[in-house]
Amino acid sequence: MEQQLKQVTMLLEEKKLAFERYEALTDTLMETSDTDIMEDYITKRANMANKIDMLDSRIKQLLCEAFGEEGSRAMKQSTLRESLPQPLQPIYDCNLRILEVVRRIRLKDSDITAGCVRFRDETMEKIKATNNMPKINRYLNNLSSPESVNSFGVV
């Protein structure tokens, strides 16, 4: 059981580092409006999320094997620390530190979503403004008519 606790502690530290890397990727997303860079970092975040899911599964498995229901309670924020057996209290504490990072990420994600909506709306306004330009509209209308195709030398 002691070996499993050490392994869980190591996996929790790895999970915390993975969330911190995820947060760093999130910070980069917040700082850019370049869609190619955003796409790259969104993919990197998805890969990191998969790694976190795998770590989480392994942690839960080890805790369940060693402590049964008590092990899974150690990973729940709603559990009172004092209600856990002493060997599981450090596991609970480590999980709370991870949840602090998760809370920060959630706040940043909502900022990213709002930024993307703003970017979309601004882009749509630019497109609408461009479409309202009379000269370009006449040019585009002329290009789409069959008579204009021949007048521009296009067959």
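In this chain, residues are counted from 1 in sequence order. Reckoned from all heavy atoms, side chains included, excluding hydrogens, waters and symmetry mates.
- Crowding of Glu31 atom CD: a count of heavy atoms from other residues, nucleotides or ligands under 6.0 Å exceeding 12.
- Using a 4.0 Å cut-off between charged nitrogen and carboxylate oxygen, Asp109 and Arg45 count as a salt-bridge pair.
- Judged by the 6.0 Å distance and 45° axis criteria, Lys16 is not positioned over the aromatic ring of Phe19.
- In this structure, the side chain of Tyr22 does not engage the main chain of Ile105 through any donor-acceptor pair within 3.5 Å.
- A heavy-atom distance below 4.5 Å is not found between the side chains of Lys15 and Lys51.
- A donor-acceptor pair is defined here as one N or O able to donate and one able to accept, closer than 3.5 Å; no such pair exists between the side chain of Thr32 and the backbone of Leu29.
- Contact annotation: the side chain of Thr123 never approaches that of Lys126 to less than 4.5 Å [non-hydrogen atoms, C-beta and beyond].
- Taking a 6.0 Å sphere around CZ of Arg106, one finds it holds 12 or fewer heavy atoms contributed by other residues, nucleotides or ligands.
- Considering CD of Glu14 and CE of Met54, their distance stands at 9.0 Å, rounded to 0.5 Å.
- Taking every heavy atom of both residues into account, Lys108 and Thr26 meet most closely at CB-CG2, 3.6 Å.
- The nearest pair of heavy atoms linking Gly71 to Leu63 is O-CD1, 3.5 Å.
- Using modelled atom types, one side-chain atom of Gln89 and one backbone atom of Arg81 make a donor-acceptor pair closer than 3.5 Å.
- Residue-environment remark: CD (Gln86) exceeds the threshold of 12 foreign heavy atoms within 6.0 Å.
- Salt-bridge formation is detected for the pair Glu70/Arg73: a Lys NZ or Arg NE/NH1/NH2 atom is positioned less than 4.0 Å from an Asp or Glu carboxylate oxygen.
- Within the 4.5 Å cutoff, the side chain of Ser72 has heavy atoms near those of the Glu69 side chain.
- Taking a cutoff of 4.0 Å between a charged side-chain nitrogen and a carboxylate oxygen, Arg97 and Asp93 do not qualify as a salt bridge.
- Rounding to the nearest 0.5 Å places CE of Met30 at 15.0 Å from OH of Tyr41.
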Does the side-chain contact (heavy atoms from CB on, under 4.5 Å) test come out yes or no for Leu62 and Glu65, once each step is laid out? CA-CA 5 Å; Leu62 286 169; Glu65 287 172 2; 4.2 Å; yes
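- Ile91 and Pro87 get closest at one heavy-atom pair: CG1-O, 4.2 Å.
- Under the 4.5 Å side-chain contact rule for hydrophobic residues, Leu96 and Val101 share a cluster.
- The structure places CG of Asp56 at 8.5 Å from CD1 of Ile98, a figure rounded to the nearest 0.5 Å.
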Could you list the donor-acceptor pairs under 3.5 angstrom formed between side-chain atoms of residues 5-12 and any protein atom two or more places apart in sequence or on another chain?
from : atom 1 : to   : atom 2 : distance (Å)
Thr9 : OG1    : Leu5 : O      : 2.8

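- In terms of heavy-atom proximity, Met75 sits nearest to Asn95 at O-ND2, 2.9 Å.
- The two atoms that bring Asp36 and Asp34 nearest to each other are N-OD1, 2.8 Å, heavy atoms only.
- Note that the CD1 atom of Ile42 and the CG atom of Asn47 stand 12.5 Å from one another [nearest 0.5 Å].
- Closest of all the heavy-atom pairs between Ala18 and Met48 is O-CG, 3.4 Å.
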